[in-house]
Amino acid sequence: MIYNEEYETLPREVLEVLQLKRLKQAVQRVYHTVGFYRHSFDQAGVQPDDIKTLDDLKRFPFTTKQDLRDNYPFGMFAVPMSSVVSLHASSGTTGRSTVVGYTKRDIDTWSELMARSFVAAGLTKNDIIHNAYGYGLFTGGLGAHYGAVRLGASVIPMSGGNTKRQIMILQDFGPTAICCTPSYALNLAEQGKAMGVDMRSLKLRVGVFGAEPWSEKMRQEIENAFGITALNIFGLSEIMGPGVAMECIEGRHGMHVFEDHFLVETINPDTGEILPPGEVGELVFTTITKEAFPLIRYRTRDISRLIPEPCRCGRTFLRMDRVTGRSDDMLIIRGVNVFPSQIEAVLLAIPGVEPHYQLIVDRTGNLDTIEIQVEVGEQIFANADEVKVLQNMERQIVKDIKDYLGVSAKVKLVEPMTLQRFEGKASRVLDKRRI
Ligand code: ADP
Ligand code: ZN
């Protein structure tokens with residue numbers, strides 16, 4: 001099913017006409033209302049009138065996270081505060097958080113895009129949605145909330161944390177869908193098990209998970225733990241919040257970018273050069289309908305690729321692949337680039353390994369080292385040959401990480417429940433080089 005059939009299935013030629021019209025307006029608007037853009041366009045020698053085709057966007061300068069930080073808190077707003085009805089901030093995962101604002105119409109758009117996302121996940125107004133994204137400045141909670149209300153579903157505004165209580169609500173209220181970070185989903189499943197609850201017999205049918213990188217293997221773990229279909233949702237506060245792109249239940253591969261509101265490009269993160277669709281690079285977004293906090297060519301630092309092939313669901317919007325991580329999360333271990341999510345994928349393919357791991361990066365002399373701490377299942381410790389089994393497993397992990405990723409890692413197997421658990425975004429890497 002499709003929430004907004006008219007827009008979500010627009011033929012590409014028609015979509016492009018709409019995009020161009022909206023882009024022209026957006027560029028005019030920012031040039032005349034935001035000092036930063038006037039200055040940056042002038043410096044690059046471009047004018048709003050230079051947008052004659054969609055392709056002309058590439059002549060315009062990028063906007064970076066640093067630009068947002070330099071204009072903290074409200075310097076990038078394109079409307080007076082009297083028109084701003086709501087403020088949010090990014091989680092600040094990689095430094096000072098950025099403040100974003102919404103007009104009434106922006107909230108309206110956001111609600112619709114989240115409603116579209118839920119419908120893409122196969123949900124209807126008859127569903128009960130357990131929303132365990134954090135409510136507050138973080139956009140996850142309220143964004144999903146708005147979408148559920150717009151759809152007419154029944155939303156349970158749980159927010160994150162208070163895990164035991166969440167398990168009770170999951171049993172008592174019988175939600176049919178859940179949204180939270182994938183790492184919190186695992187945390188919930190584990191807590192449920194500890195409380196003797198069969199998480200697979202809950203009424204949950206679908207999960208909408210995002211806000212952090214996760215692997216295909218992690219999807220399987222979560223699907224098995226809850227007996228649900230797990231889908232990926234992408235978003236970032238700067239562009240709107242959750243609901244910038246959403247996987248459809250029909251395709252289950254790649255997230256449709258809501259291209260009637262956002263333009264997406266991929267670039268080479270080192271050179272800024274635009275990449276052809278399908279190649280892996282940094283995602284760059286332009287908002288074409290946002291009023292309070294419009295962004296032109298915003299460099300997200302998120303690494304992914306666009307999937308140009310059409311999807312079987314009938315939506316015509318481009319899809320983006322899983323985000324493997326942010327360019328700043330990329331670890332460089334003795335010259336080899338690797339993302340934590342790639343390590344996750346290798347680990348979870350090994351039987352007996354649990355989906356809880358921590359990466360410790362350090363430096364000995366001038367060589368970078370990585371230690372992978374990972375939990376192993378209880379059954380291994382019950383084995384009479386415990387030591388041998390553990391040794392074999394450790395050897396297997398070292399070998400697979402080397403074979404698949406080209407990285408020599410030290411592996412430390414730890415007992416169940418020893419590593420940190422997360423309620424929101426997981427933090428997998430402890431970088432001792434920075435301490
Ligand atoms: P912060 O950048 O401080 O974490 P946000 O809370 O706005 O602020 O989070 C947005 C970021 O979360 C994205 O830029 C991306 O790195 C990550 N993210 C969001 N959804 C996903 C997803 N489905 N897969 C991978 N990463 C995601
Ligand atoms: Zn689809």
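In this text, all values refer to a predicted model and were calculated from it rather than measured experimentally. Atoms considered below: every heavy atom in the structure, side chains included; atoms not considered: hydrogens, waters and symmetry mates.
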* Asked: Does Arg428 make a cation-pi contact with Tyr357 (under 6.0 Å, within 45 degrees of the axis)?
  -> yes
Item checked: Non-hydrogen side-chain atoms of Glu16 and Leu54 separated by less than 4.5 Å -> yes
Scanning both residues in full, the closest heavy-atom pair of Asp106 with Gly101 reads OD2-O, 4.2 Å
d(Thr369 OG1, Ile360 CD1) to nearest 0.5 Å is 9.5 Å
When you check the gap from the basic side-chain N to the acidic O, do Glu250 and Arg312 get nearer than 4.0 Å? no
Requested in this report: Say whether Gln420 and His356, considering side chains only, have a donor N or O and an acceptor N or O under 3.5 Å apart.
Outcome: no
For a quick check under 3.5 Å, do Asp321 and Ser304 share a side-chain donor-acceptor pair by atom type? no
For Leu204 and Leu170, the nearest pair of non-hydrogen atoms, with its separation, is CD1-CD2, 4.0 Å
Q. Is Glu216 paired with Arg322 through a side-chain N to carboxylate O contact shorter than 4.0 Å?
A. yes
Review point. Counting distance only, does the side-chain N/O of Asn71 pair as donor-acceptor with the main-chain N or O of Asp67 below 3.5 Å?
Key: yes
Using 4.0 Å as the upper bound for N to carboxylate O, is an ion pair formed by Arg205 and Asp127? yes
In this structure, CZ of Phe262 is separated from CD of Gln19 (nearest 0.5 Å) by 12.0 Å
Check your understanding: Under 6.0 Å from the CZ atom of Phe381, do we count more than 12 heavy atoms belonging to anything else shown?
Key -> yes
I want to know whether His130 and Phe173 have ring centres closer than 6.0 Å.
no
Original post:
Ion pair present between Lys412 and Glu375, side-chain N to carboxylate O less than 4.0 angstrom?
Top reply: no
Handout entry: Distance-only polar pair, side chains of Gln373 and Glu371, donor-acceptor under 3.5 Å
Key = yes
**Message:** Quick check: do Thr63 and Phe36 have side-chain heavy atoms less than 4.5 Å from each other?
**Reply:** yes
Requested in this report: Check the pair Asp108, Arg150 against side chain to side chain contact (heavy atoms under 4.5 Å, CB included), reporting the backbone distance first and the verdict last.
Outcome: CA-CA 9 Å; Asp108 222 50; Arg150 170 64 67 88; 3.2 Å; yes
> Would a 4.5 Å heavy-atom cut-off, applied to side chains only, mark Pro182 and Glu212 as touching?
Replying inline: yes
Whether the side chain of Glu386 engages the backbone of Ile380 through a donor-acceptor N/O pair (distance < 3.5 Å, no angle test) should be reported. no
Discussion item. Salt bridge (Lys or Arg N to Asp or Glu O under 4.0 Å), that's the test. Do Asp172 and Arg165 meet it? Break it down for me.
Written reply: CA-CA 10 Å; Asp172 298 349; Arg165 177 128 195 261; over 6 Å; no
Could you tell me whether the side chains of Glu282 and Ser327 share a donor-acceptor contact shorter than 3.5 Å?
no
Subject >> Side-chain H-bond candidate by donor/acceptor type, Gln396 with Asn392, under 3.5 Å >> reply: no
Test item: Val119 and Leu123 side chains (from C-beta on) under 4.5 Å apart, heavy atoms = no
I'd like to know if the side chain of Thr316 reaches the main chain of Leu10, judged simply by a donor and an acceptor atom lying under 3.5 Å from each other, with no hydrogens or angles considered. yes
Main-chain N/O of Ala211 paired with Lys425 side-chain donor or acceptor, under 3.5 Å = yes
Correct closest heavy-atom pair for Tyr404 and Val346 would be CB-CG2, 4.0 Å
- Stacked cation flag Arg297 on Phe60, 6.0 angstrom / 45 deg: no
| query | Are Thr98 and Ser90 close enough that a side-chain donor and a side-chain acceptor fall under 3.5 Å? | reply | yes
Checklist entry - If you measure only the distance, is there a donor-acceptor pair under 3.5 Å linking the side chains of Glu112 and Asn4? => result yes
- Have Asn187 and Gln191 got a donor and an acceptor in their side chains that come within less than 3.5 Å? no
Do Leu137 and Leu87 have side chains that approach each other closer than 4.5 Å (heavy atoms only, starting at C-beta)? no
Self-check item: Leu263 backbone acceptor or donor facing Thr286 side chain under 3.5 Å
Solution: no
Is a side-chain N or O of Thr271 found less than 3.5 angstrom from the main chain of Glu273, in a donor-acceptor match? yes
Here the pair of heavy atoms bringing Ile249 nearest to Ala121 is CD1-O, 3.5 Å
Checklist entry - Taking C-beta and beyond as the side chain, do Cys311 and Cys248 meet within less than 4.5 Å on heavy atoms? => result yes
* To do: Would you please classify the geometry between the Phe293 ring and the Phe77 ring as parallel, tilted or perpendicular, with 30° and 60° separating the classes?
  => perpendicular
Got Leu188 and Ile178 here, is their nearest side-chain heavy-atom distance under 4.5 Å? yes
One should read off an interatomic distance between Asn232 CG and Phe234 CZ, to the nearest 0.5 angstrom, of 9.5 Å
**Prompt:** Yes or no on side chain to side chain contact (heavy atoms under 4.5 Å, CB included) for Phe118 and Cys179, after CA distance, side-chain angles and deciding distance?
**Reply:** CA-CA 10 Å; Phe118 284 137; Cys179 24; 4.1 Å; yes
In terms of heavy-atom contacts, Pro277 and Pro308 come closest through CB-CG, 4.0 Å
Can Asp368 and Lys432 be counted as an ion pair, charged N to O under 4.0 angstrom? no
Charged N to carboxylate O below 4.0 Å: is that the case for Lys65 and Glu238?
yes
Students often mix this up, so state it plainly: with edges at 30° and 60°, are the rings of His88 and Tyr102 parallel, tilted or perpendicular? perpendicular
- Query: With a 4.0 Å cut-off, would you call Arg433 and Asp431 a salt bridge?
  - Reply: yes
Discussion item. Could you tell me if the side chain of Val244 sits less than 4.5 Å from the side chain of Val264, heavy atoms only?
Written reply: no
Taken to the nearest 0.5 Å, the spacing of Met330 CE from Gln342 CD works out to 9.5 Å
Q) Run the salt bridge (Lys or Arg N to Asp or Glu O under 4.0 Å) check on Glu223 and Arg252 step by step: do they pass? A) CA-CA 13 Å; Glu223 291 191 333; Arg252 297 196 66 204; 2.4 Å; yes
For Phe422 and Tyr184, the nearest pair of non-hydrogen atoms, with its separation, is O-CD1, 3.1 Å
Output for pair (Ile233 CD1, Phe209 CZ), nearest 0.5 Å, gives 11.5 Å
- Query: Between Glu8 and Arg315, is there a salt bridge with N-O shorter than 4.0 Å?
  - Reply: yes
- Task: Before accepting this row, confirm whether a basic side-chain N of the pair Glu247/Arg219 lies closer than 4.0 Å to the acidic partner's carboxylate O.
- Result: yes
Would the distance check show the side chain of Asp329 and the main-chain N or O of Gly325 forming a donor-acceptor pair, the cut-off being under 3.5 Å? no
* Are any side-chain N or O atoms of Asp403 and backbone N or O atoms of Asp400, one a donor and one an acceptor, separated by less than 3.5 Å? -> no
Please confirm whether the backbone N or O of Met76 pairs with a side-chain atom of Tyr37, one donor and one acceptor, at under 3.5 Å? no
Keeping the roles fixed (side chain from Thr9, backbone from Gly314), state whether a donor-acceptor pair exists under 3.5 Å.
no
Item to check | Verdict with supporting geometry, Ile303 and Arg326, side chain to side chain contact (heavy atoms under 4.5 Å, CB included) | outcome: CA-CA 6 Å; Ile303 304 296; Arg326 308 180 202 232; over 6 Å; no
NZ (Lys410) and CD1 (Ile370) are apart, to the nearest 0.5 Å, by 12.0 Å
May I ask you to check whether over 12 heavy atoms, not counting those of Glu378, lie within 6.0 Å of atom CD?
no
